[in-house]
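What follows is a short report on a single structure.
Throughout, a chain's letter reflects where its sequence line sits, starting with A, and its residues are numbered from 1. A quick note: this is a predicted structure, and the numbers were derived from the prediction, not measured.
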Amino acid sequence: MSAPPLQPTSAAEVQEAVRTHRRLLPRGGGSKPALSWPHEGQTVLDLSGLSGVLEYDPGEYVFVARAGTRLAEVEALLAQHGQYLPFDPPLVAQGATLGGTVAAGLSGPMRQRYGGVRDFILGVQFVDGEGQLVRGGGKVVKNAAGFDLPKLMVGSLGRLGILTEVAFKVFPAPKATATLLLDFPGLEGALEALYRLAGSPIELYALDLQPPGTLVLRLGGLPEALPARLEGLQAFLGRGGEPLSGEAETAYWRSLNELNLGEGALVKVALTARRIPALEQALGQAPRRYLSAGNLLYLAWNAELKALDTILQAQGLSGLVLKGATHRPQIGIDLGQVMGHKVTKALDPQGKFAQEPYAAQD
Amino acid sequence: MQHKIDVEQLGPQGEIMAHAIEACVHCGFCLPACPTYQVLGEEMDSPRGRIFLMKEVLEGNLQMEEAQPYLDKCLGCQGCVTACPSGVPYGELISTYRGWSEPQRHRSPFQKLFRIGLQETLPYPARFRAAARLGRLGKLVQPLLPPMLKAPLELLPEALPQSEPLPEIIPALGERRARVAFLAGCAQQVLQPGFNRATLRVLAQNGVEVVIPKGQSCCGALALHTGERGRALQFARTNLKAFAGDYDAILTNAAGCGSGLKEYPVLFHGEPEQAQAAQLAARVKDVSVFLLELGLKEVPPLKRPLKVAYHDACHLAHAQGVRAEPRQLLRSIPGVELVEIPEGELCCGSAGTYNLEQPAIAATLGERKARHILASGAEVVVTGNIGCFTQIQTHLKKLGRELLVLHTLELLERAYAQAALQEGPS
Amino acid sequence: MNPALTELERLFPPGRLLHKPGELVPYESDALTAFRARPLAVVLPESHAEVQAAVRWCAKHQIPYVARGSGTSLSGGSLPIDGGLLIGLNRMNRLLRLDPVERIAVVQPGFINLQVSNAAAPYGLYYAPDPSSQPVSTIGGNLAFNSGGAHCLKYGMTSNHVLAAKVVLPDGETVELGSESLENTGPDWLGLFAGSEGLLGIATEITLRLLPKPETYHTVLAAYDSLAKAGEAVAAVVASGLLPGAMEIMDSLAIEAAEAAVKAGYPLEARALLIVELEGETPQVEAEARYLEEVIQKSGAYEVRVARSNEERLKIWKGRKAAFSAVGRLSPDYIVQDGVVPRSRLGQALQAIEELSARYSLRVANVFHAGDGNLHPLILYNGRLEGELHRAEELAGEILKLCVALGGSITGEHGVGMEKKAYMTEMFREADLAAMQRIRLALDPQELANRGKMFPGETPAQSFHGAHPLEKAGVISRE
């Protein structure tokens, strides 16, 4: 049995927790349970109490918030000023936090337009494995001073430090959006259109592929320009498709944000569009969706994770289990390399944040 | 850039060098514009690297011999001058430095002989013609010669054209619109008398009376750029006298000569004739610029459309900033389709006597240029300088592609004469 | 000869191992000539294996090294180390692969930034990061210093456009960081490597992401009779909800210099010029342009020009991009600063810089990426006048402190390098720097890679033309 979760409400309390505990696992909103499910001997550090937006000046396109702040709270605040998180993080309604989103490295469909979570993080404050409070980056939109610790924290799964504060760049939200669903007879046609779109100057907020052959495209911008652009897009593709607009359109994407793809484990896979045909052969019936022109796959896996691990390994891909019963959320090819091992030990010399105690590792 | 050059000790020429070095901020914008940096990929063979070297030598921190190999490799093309945002007068710097360093240099007897040979023949058409005849004999034994002697032979034509004595005055045809003096050039008189023939005809046709002053000599650029400042001054003094008359302009049809004349103010900096030199330089114009300003008489259309590549001679484009005018002249020939040569701003490797003194680098650049010309899809290459003409013709031939190469005014002349252009080299 | 050098001779042929004085002098500085240092030797590797061999040689003989591309760092980031090895990567300048379908380019580190876009242009693609040095600077250097440019607010910096890199670590081991995917499922090691200023290794193969060229550009040049009005215009553009690709401001000194350099046709009497560029799909840009016009009209611009052709657009940009070096026409010496302030503090920062300029009796030209608050004050001085360099350095330092005090950064895109390392403590606390230093030591326990850069307090192992003013001021020390 693990110890009950700790609930710090300040960075100092996080430092204290790190100094006084042997092994810790940070948890935000718990929306990605596979990543916050403690191993034997790990104490859960529940950061949901470390919450609140600290600074936000809409004119700067920047905000600073405590790591446990829920995405929903941030998005509501930004929306009041016509702004949004361009990387479109998933699981907002499930209570995902800023820190958890950074640590898991998660972005959503709209990353297609301006980039993912790594492209918008500006600054971090975290507690390292020795209980030191460390800051990296800054809170201006451009900064090249010191090592880029903010980027390093993206996808770090809490193993390099416990995030306590984050700063992000944000953008004005598109004043109007429209979505186009296009069914192609098969994968081949859909992929061909996907490539054509990705290499064209058409600026899509989302470019998703719903297998076997549906492309879902989202346009955004000034309302007066949108009809002409939608027509241009249809002409470019040589087909009308099924347009969505208004409340139906918003609802469509809101529902997708929950990543309720189907039964089983929820898994993220990083890839490129070139890998899709082979992967499609291997994945069978698992419900799935490719985002951002084939750079990101979310899928529901309702079988042994070991089988998916094998598939990904065979394809030379890496995956991350977000929901599902596993102690090894990183599947597929081993991303470990010597630089990673050394830097991890530099920030966490005693292995306080490691999945397994250091001694137990190879 | 800061420096500790003892300007007082170096005198007026030192001022020129110090001023240029001071203007350099070492930003590196010159690197992609420098042919030797492109070929050799070393900082010493870049403009800012050479500026560093000259600075260190002038400050007394570096032995002159240590810097010399890299300064010798400079083509003097001034591609860097065009690229330089902070306005370093690099051309003035390198010429002045060469003039300053040459008397102090140690050269092998062979090198000395070679240099004297060049300086004593190229600027004198009669001597050059005699030497070139001799050179044609040399072609027979070419494979046996060291590279330094092979290079000049490679550039010699198979047959030398008849010499064409130039009249002193060529009257305008029809109404006289202008009266100009003309510098006839040295090497081109021997190698390509057609350049002057065409130039004079086109000028006459456009109502320009041309005077070719008798007492003129070589402009002196060849000597100046190789560090023979005394010799350059001699030539220049002759020309100051010869071109002293009242003309609407002093014209040249060779890029190197034009820029040579325009360099007189730097050459005479601190000399008694300084003001006179500035006056002369201010009146010098390339024939293409002059014609465009005058307004070209209508050119009849070509018999069929022609793809023409205009090759920027460095001493026109970089040293004189003349790029648009020759192109505009060519565009005024109906039927000419101008194509740009990729990497067009890079020197072809001719650069005065450079292809004779640094044959390996010159050949690399020549081949590179020839390949780019071929890639442009042009049927005819046009340029405004004898050196480029010879270099390009030689390297196109080496690649087995004998494209027609012409002087800008030759194409214009043929267009006026409605002559066929498609046949092989003239 | 030094026995270690003899060993190096076996690794590099004579033409690619430079060690004579005449060969070394030109390598003594990068684009920050206030610092100079003579390396023991320069090697010019032509392959990954040769880079690795050079790094291993350094590790074996404990000789510090600096890797360098075109040597255009404005922060002294590629300054050699006295007695160290300089690894010149400019000959590793091949485009290894261009895949227009997957929209990636794989290049060697010496490949020039602008050449990426040139190579991609036939496919309607381009490489977004556009530092002003882009015709010269290499991708390797851009990656090491996370170079920015005029389009960072919307498109990010170099690190947002590099997908993968093959890296030789300071111990000579090779690692592959990143992948061709924009996504990742573990820590972003490549993100850490980008901008690490050569302290964490040398990239020998870099995979870049290419973007489709925008369909339309709309470039506006607005002239103002005060810098403050131009600054307010930027705030107004932002407040209107527009997201221009670039917003740039130049003051009268910078206008004068740029105009002299490239004849861009700037209105010479203007006290400030604002360049705003919209880009994207034509209907969207046309609609945005109408909003922009309104905002600019209200902002008090006395002259507004819109580029009518691509040539006009390029001319406007050419002037802006030549501005730094062009200032060499106004003054024999200058220091380029690179601070960042929150955009809303731009006016305040410029006011303060003007006051500092008066107080120090030194002219300051201002060129900046207004869209992201990235200031580039150019402090003009004459190094031959006693004490001017000292005053210029002090003034530069004051400006950096000001940026931090206003909530900004000591560098937006030039990096810390030599020049700003003394100011790292203004921005970071001891624990922050200690964590960074631990990361560095984990990879480079001997501190060989670009020793003496980025971290404050390290003895700068280089020689100056006389004592450095920071040294005189007691900010840094040697020996």
Heavy-atom pairs under 4.5 Å with chain B are the metric here; pick the option from [options] that has the most.
options                               : result
C/Ala261, C/Gly383, C/Pro21           : C/Pro21
C/Ala322, C/Gly88, C/Gly71, C/Gly110  : C/Gly71
C/Ser325, C/Pro332, C/Ala31, C/Ala258 : C/Ser325
C/Arg16, C/Arg384, C/Glu28            : C/Arg384

Under 3.5 Å, side chain of [X] to main-chain N/O of [Y], donor-acceptor pair present?
X        : Y       : result
C/Tyr27  : B/Glu43 : yes
C/Arg329 : B/Pro85 : yes
C/Arg91  : B/Leu40 : yes
B/His26  : C/Leu32 : no

Which heavy atom of [X] sits nearest a heavy atom of [Y], and at what distance?
X       : Y        : value
B/Tyr70 : C/Gly22  : CE1-O, 3.9 Å
B/Ser86 : C/Gly328 : CB-CA, 3.7 Å
B/Leu31 : C/Val136 : CD1-CG1, 3.9 Å

Under 4.5 Å from a heavy atom of chain B, the part of [X] involved:
X        : answer
C/Val262 : neither
C/Phe324 : neither
C/Leu18  : side chain
C/Asn382 : neither

In terms of heavy-atom proximity below 4.5 Å to chain C, should B/Arg48 be classed as side chain, backbone, both, or neither?
side chain
Which answer fits B/Cys24, side chain, backbone, both or neither, if we ask what part of it has an atom under 4.5 Å from a heavy atom of chain C?
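Neither part; nothing is under 4.5 Å.
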When rounded to the nearest 0.5 angstrom, what is the spacing between [atom1] in [X] and [atom2] in [Y]?
X       : Y       : atom1 : atom2 : answer
B/Tyr37 : C/Asn90 : OH    : CG    : 3.5 Å
B/Phe52 : C/Leu24 : CZ    : CG    : 12.5 Å
C/Thr33 : B/His3  : OG1   : NE2   : 12.0 Å

Counting only heavy atoms not in [X] (residues, nucleotides, ligands), do more than 12 fall under 6.0 Å from its [atom1]?
X        : atom1 : answer
B/Gln63  : CD    : no
B/Gln104 : CD    : yes
B/Arg105 : CZ    : yes

With heavy-atom distances below 4.5 Å as the criterion, would you say the side chains of B/Glu42 and C/Val42 are in contact?
no
Is there a side-chain contact (heavy atoms from CB on, under 4.5 Å) between B/Lys55 and C/Val25? Walk through the geometry before answering.
CA-CA 10 Å; B/Lys55 169 179 169 300; C/Val25 161; over 6 Å; no
Using 4.0 Å as the upper bound for N to carboxylate O, is an ion pair formed by B/Glu56 and C/Arg36?
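A salt bridge is present here (some side-chain N lies under 4.0 Å from a carboxylate O).
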Considering only heavy atoms and a distance below 4.5 Å, find which of B/Asp45, B/Val57, B/Leu53 pairs most often with chain C.
B/Leu53
